[in-house]
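Values reported hereafter were calculated over all heavy atoms of this structure, with side chains retained and with hydrogens, waters and symmetry mates removed.
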Amino acid sequence: MNKLACLFCGFLMVAVMQQTHAAKRLGPPIEDLQSDPERIRIVIAQAAKKSKANRILFSISERLSGEAPDEVLLRTDAQSFADVVAGNSYVVAWSYKRRNRRLVEGWEVDPDGPFMVQLMGMGATALFEDTPDTRFLFAPGSMDITANKKQQIDALLGQMQRQDFRSRGLVISELYLRPDLIEAMQPAQADVLKGVLQKQQLDPQHRDFIYRSALRLPAEMTTPWLAEEFRKTIKLHGSQYDLSSFVPGLVRTAAKGLQQVGEESDIDLLSTLLYSNNPGVSRAALDAMDHIDPGVTLIKAEKAIGQGGIHGDTRSDLQRYISQAKSR
């Protein structure tokens, strides 16, 4: 599941996709799934039978969006096929159309049959464990911007605490892409978000999205735990990363976060990021340090230049910073 959790990550362009990965418009993933009921059907269904070639027969008990037969045999990826338990109930989004850019309408019936759709940037199918919160989230009108935001937030947070990585990724992205929900969040709900960060094993991108969401909350809801989370992330991951992973993005967000909620004592920690193998991380750290204390930052920047062992782009950034700082 760890490998799958990594695949679940992707740059946040949460849009419903076909298996050809042709993106729809950007937007909150639940809204995107519900936006085209003619092409994408969302149902509550029991996994009746698993067959070879990654196909699962579902018996549909409820239609949440679009028309659907009583049974449908869906193609899916190998991991989803392995995870589905025959007899269990799921919320599933599926389609029978694939992208064809040569057609005016852009879509055609897939000759290989219907399939579970995927969420772009998540690397996972729209297959979610059937829970009261999931049913609420996909019920028509439940997630409309004019609907009860407290209920919406509670449902998102409820799913966020589950081990179902698909549901968790869905709701983390939904919250991040719904600023109106962050604005409506109450202190007790912010405490639940804190608990998710502290108790759940989150992959780097999911943690990154929650950090970004939390930074929109009023300071009184996140002091002091959010700054402590940023410090832990920087200490945990250090300054050398697998550049094909989402760790650099997470550390960059943590550095930017300390620019907003950090204090003078954070400069030493941030200065370790000047030696990062990712210039974006170093740049974010330099900006945060300068915001906290320009004088101390100048000393740290000159020290880094003198010691060497820094990325070429970071060296250029530091030289530019030093020159500008001395001309102020």
Shared hydrophobic cluster, F81 / V85 (ILVMFWY, side-chain heavy atoms < 4.5 Å) | yes
Checking side chain to side chain contact (heavy atoms under 4.5 Å, CB included) for the pair M185/K149: CA distance, chi angles, key distance, verdict?
-> CA-CA 8 Å; M185 188 171 282; K149 288 185 171 53; over 6 Å; no
Considering only heavy atoms from C-beta outward, does the side chain of [X] approach that of [Y] to under 4.5 Å?
X    : Y    : value
R99  : W107 : yes
R162 : V171 : no
Q186 : M221 : no
P29  : L170 : yes
L193 : M160 : yes
R75  : D110 : yes
L156 : M143 : yes
D70  : I60  : no

I'd like to know if [X] pairs up with [Y] as an ion pair, taking the criterion as any Lys NZ or Arg NE/NH1/NH2 lying under 4.0 Å from an Asp or Glu carboxylate oxygen.
X    : Y    : answer
D208 : R252 : no
R168 : D164 : no
K232 : E229 : yes
R320 : D317 : yes
D287 : R283 : no

So does E220 have more than 12 non-hydrogen atoms from other groups sitting under 6.0 Å from CD?
-> yes
Any chance the side chains of [X] and [Y] put a donor and an acceptor closer than 3.5 Å?
X    : Y    : value
E263 : S265 : yes
Q159 : T134 : yes
S65  : Q34  : no

Would you compute the distance between atom [atom1] of [X] and atom [atom2] of [Y] and round it to the nearest 0.5 angstrom?
X    : Y    : atom1 : atom2 : value
R166 : S80  : CZ    : OG    : 3.5 Å
D268 : K300 : CG    : NZ    : 4.0 Å
L33  : L119 : CG    : CG    : 5.0 Å
Y321 : T297 : OH    : OG1   : 4.5 Å
L298 : K303 : CG    : NZ    : 14.0 Å
Q189 : L157 : CD    : CG    : 6.0 Å

Closest heavy-atom pair and its distance - [X], [Y]:
X    : Y    : value
A288 : A255 : CB-O, 3.4 Å
S282 : L273 : OG-O, 2.7 Å
E71  : S59  : OE2-OG, 3.6 Å
A190 : L217 : CB-CD1, 4.1 Å
I310 : L274 : CG2-O, 3.6 Å
I153 : L181 : CD1-O, 3.2 Å

In sequence, state the C-alpha distance, the side-chain angles, and the governing distance for E62 and R135, and then conclude on side chain to side chain contact (heavy atoms under 4.5 Å, CB included).
-> CA-CA 10 Å; E62 189 172 342; R135 287 181 176 233; 3.4 Å; yes
Taking the inter-plane angle between the rings of F128 and F138 on a 0 to 90° scale, is it parallel (under 30°), tilted (30 to 60°) or perpendicular (over 60°)?
-> parallel
Using the ring of each side chain (for Trp, its six-membered ring), is Y211 parallel, tilted or perpendicular to F230, with breaks at 30° and 60°?
-> perpendicular
May I ask you to decide if [Y]'s main-chain N or O and [X]'s side chain share a donor-acceptor pair within less than 3.5 Å?
X    : Y    : value
S142 : F136 : yes
E264 : I292 : no
K194 : W225 : no
Q152 : D144 : yes
S276 : S239 : yes
N277 : Y241 : yes
R55  : F115 : no
Q259 : H291 : no

In a check of side-chain hydrogen bond (donor to acceptor under 3.5 Å, both in side chains) between Q79 and each of T76, D83, D77, which one passes?
-> D83
Shared-cluster residues of L57, by chain and number - hydrophobic side chains joined below 4.5 Å = L73
Before giving the answer on side chain to side chain contact (heavy atoms under 4.5 Å, CB included), spell out for Y96 and R41 the whole-Å C-alpha distance, their side-chain angles and the decisive distance to 0.1 Å.
-> CA-CA 9 Å; Y96 63 94; R41 286 83 192 279; 3.5 Å; yes
Pairing residues for D133 by the side chain to side chain donor-acceptor pair (under 3.5 Å) criterion, not counting sequence neighbours | none
Apply side chain to side chain contact (heavy atoms under 4.5 Å, CB included) to the pair F246 and H206, showing each step before the final yes or no.
-> CA-CA 10 Å; F246 293 97; H206 289 171; over 6 Å; no
